[in-house]
Amino acid sequence: MTENKIITELVDVPGKSEFMVKAERVVKSYGQNTVLKDINIEVKRGEVMCLVGPSGSGKSTFLRCINHLESIDGGRLYVDGEIVGYRQKGEKLYELKPKEAAAQRRDIGMVFQRFNLFPHMTVLENVTHAPIKVRKQNKAKAIERAKELIDRVGLSAKLNSYPAQLSGGQQQRVAIARALAMEPKLMLFDEPTSALDPELVGEVLDVMKALAKSGMTMVVVTHEMGFAKEVGDSLVFMDGGVVVEAGDPRQVLDNPQHERTKAFLSKVF
């Protein structure tokens, strides 16, 4: 995508607000297939928002738009009061250059379905790599911080282990520690337990619960309805690229108002 791609007329850009994430009429298309249709979502600072819905509903695409791994085709997306992936020039929005977008992305941590660890690096090396190479942290300081985070996810005994020597749950916990090492203000989780054996799911969810209690703002795409009910401050049910229903997780899950939500949840519970 070139810098001169104009996606929308620019309106007044908000300053820092109570919202860590704010989506206004966000549209995303792949060719003729529109996968996000006028998405309006707000995530308050310190809030845990859970995105649920069937496969292909647009949840993961929306998550990737938040840190500009996917560019949007309409509307606007803000993180911490700043437009994601675009800048103002006159009265238009223009997409940032890749290096500028990458710099903006440093403050947003993301944990994927697959762990994406560097197989040739130890646990400690995986966690210290980005702070040293990207944030240019002092090596000793990065190692000290990494050890704290690895301990936080319960893997102090695995500092010098390689990913192939870890279980899936352990690898995902390392992936969380690696994301936290960049000191993000927002954490995104894209179905972080879907690739795990059932008996390993709990250990990853426990780390996420502790992270939520610490006050980290989190947006979580998940099929773990128990987690959403226990930890989530808000829940959004998506289907067909639109927000069908949103609200308090306990209210939406226990008493859904929309027929499509009821049908989906009847197959999940």
Side-chain angles (χ1 to χ4, degrees), residues 20-21 43-53 59-60 63 66-67 108-118 122-128 130-131 144-236 248-250 252-254 265 268-269:
M20 180 60 74
V21 179
V43 184
K44 292 182 179 179
R45 297 176 187 278
E47 181 177 281
V48 177
M49 172 175 281
C50 294
L51 296 174
V52 304
K59 309 182 302 296
S60 293
L63 205 70
I66 293 176
N67 66 358
I108 305 173
M110 187 160 184
V111 178
F112 300 87
Q113 295 180 35
R114 297 290 173 179
F115 325 121
N116 295 337
L117 300 178
F118 295 116
T122 65
V123 167
L124 184 60
E125 289 168 340
N126 263 284
V127 178
T128 58
E144 180 182 1
R145 174 63 174 158
K147 287 181 176 179
E148 292 174 358
L149 291 169
I150 293 167
D151 179 63
R152 186 174 175 182
V153 300
L155 291 172
S156 290
K158 301 292 185 180
L159 280 177
N160 298 312
S161 298
Y162 289 89
Q165 299 170 312
L166 305 177
S167 70
Q170 289 172 333
Q171 290 185 59
Q172 193 63 296
R173 284 187 277 157
V174 174
I176 294 172
R178 181 179 61 178
L180 291 175
M182 290 292 283
E183 301 179 357
K185 54 191 173 185
L186 169 67
M187 283 286 287
L188 309 176
F189 293 86
D190 189 5
E191 299 189 28
T193 61
S194 65
L196 300 178
D197 292 332
E199 64 269 24
L200 301 178
V201 169
E203 65 187 61
V204 174
L205 293 182
D206 285 344
V207 170
M208 294 172 63
K209 289 174 186 177
L211 187 58
K213 287 181 181 178
S214 76
M216 175 64 73
T217 308
M218 299 162 59
V219 182
V220 184
V221 173
T222 185
H223 292 297
E224 301 292 337
M225 300 302 165
F227 172 85
K229 201 170 185 178
E230 178 184 352
V231 181
D233 296 297
S234 60
L235 181 141
V236 173
D248 180 275
R250 290 146 289 278
V252 175
L253 295 175
D254 291 341
L265 293 176
V268 172
F269 290 114

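Just so it is clear, the structure is predicted and the values come from calculations on it, not from any experiment. Excluded from the calculations below are hydrogen atoms, water molecules and symmetry mates; all remaining heavy atoms, backbone and side chain alike, are included.
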Inset, instruction - Please name the pair of heavy atoms, one in Pro249 and one in Gly232, separated by the smallest distance, quoted to 0.1 Å. - result: CG-O, 3.4 Å
Legend entry - Least distance between heavy atoms, Leu235 atom then Ala228 atom: CD1-CB, 3.9 Å
Legend entry - Separation of Met225 CE from Cys50 SG (nearest 0.5 Å): 9.0 Å
Inset, instruction - Specify the closest pair of heavy atoms between Gly109 and Ala179, including all atoms of both residues, with the distance to one decimal. - result: CA-CB, 4.3 Å
Legend entry - Validation row: Ser167, Glu203 side chains within 4.5 angstrom (heavy atoms): yes
Legend entry - Separation of Ile176 CD1 from Met110 CE (nearest 0.5 Å): 13.0 Å
Legend entry - CG-CG distance between Leu200 and Leu205, expressed to the nearest 0.5 angstrom: 11.0 Å
Inset, instruction - Determine whether Leu166 and Phe115 make a side-chain contact, defined as any pair of heavy atoms from C-beta on separated by less than 4.5 Å. - result: no
Inset, instruction - Would you check if the side chain of Arg45 reaches a backbone N or O of Gly215 as a donor-acceptor pair within less than 3.5 Å? - result: no
Legend entry - Minimum side-chain heavy-atom gap Val111-Met187 below 4.5 Å: yes
Legend entry - Heavy-atom side-chain proximity of Val219 to Leu51 below 4.5 angstrom: yes
Legend entry - Exam field: side chain Gln172 to backbone Thr193, donor-acceptor pair closer than 3.5 Å: no
Inset, instruction - Before giving the answer on side chain to side chain contact (heavy atoms under 4.5 Å, CB included), spell out for Ile150 and Lys158 the whole-Å C-alpha distance, their side-chain angles and the decisive distance to 0.1 Å. - result: CA-CA 9 Å; Ile150 293 167; Lys158 301 292 185 180; 6.0 Å; no
Legend entry - Positive for side-chain contact (heavy atoms from CB on, under 4.5 Å) with Leu159, one of Val127, Thr122, Leu124: Leu124
Inset, instruction - Would you indicate whether the side-chain heavy atoms of Leu186 and Ile66 approach each other to under 4.5 Å? - result: yes
Legend entry - Short side-chain to backbone donor-acceptor contact, Asp190 and Gln113, under 3.5 Å: no
Inset, instruction - Could you grab the distance from atom CD of Gln171 to atom CG of Leu155, nearest 0.5 Å is fine? - result: 10.5 Å
Inset, instruction - Could you check if a side-chain atom of Gln170 sits within less than 4.5 angstrom of a side-chain atom of Val123, using non-hydrogen atoms only? - result: no
Legend entry - Criterion side chain to side chain contact (heavy atoms under 4.5 Å, CB included) on Leu63 and Phe112, from CA distance to verdict: CA-CA 10 Å; Leu63 205 70; Phe112 300 87; over 6 Å; no
Inset, instruction - Output the distance between atom CE (Met216) and atom CE (Met20), rounded to the nearest 0.5 Å. - result: 8.5 Å
Legend entry - Arg178 side chain to Asn126 backbone, donor-acceptor under 3.5 Å: no
Legend entry - His223 backbone acceptor or donor facing Glu191 side chain under 3.5 Å: no
Inset, instruction - Please say whether more than 12 non-hydrogen atoms of neighbouring residues, nucleotides or ligands are located less than 6.0 Å from CD in Glu144. - result: no
Legend entry - Exercise: identify the closest heavy-atom pair between Gly154 and Arg173: O-NH1, 3.7 Å
Legend entry - Close side-chain approach of Phe189 and Met218, heavy atoms under 4.5 Å: yes
Inset, instruction - Output yes when a side-chain donor or acceptor of Lys59 lies under 3.5 Å from a complementary backbone atom of Gly53, and no otherwise. - result: yes
Inset, instruction - For Ser156 and Asp151, run side-chain hydrogen bond (donor to acceptor under 3.5 Å, both in side chains): C-alpha distance rounded to whole Å, both residues' side-chain angles, the deciding distance at 0.1 Å, then the answer. - result: CA-CA 5 Å; Ser156 290; Asp151 179 63; 2.9 Å; yes
Legend entry - Rounded distance [0.5 Å steps], OG1 in Thr217 versus CG in Leu211: 9.5 Å
Legend entry - Min side-chain heavy-atom separation Met182-Pro131 under 4.5 Å: yes
Inset, instruction - Would you name the heavy atoms of Glu47 and Val43 that are closest together and state the gap between them? - result: OE2-CA, 3.6 Å
Legend entry - For Val204 against Gly169, the heavy-atom pair lying closest together: CG2-O, 3.7 Å
Inset, instruction - Look at the side chain of Asp248 and the backbone N and O of Arg250, then say whether any donor-acceptor pair between them is shorter than 3.5 Å. - result: yes
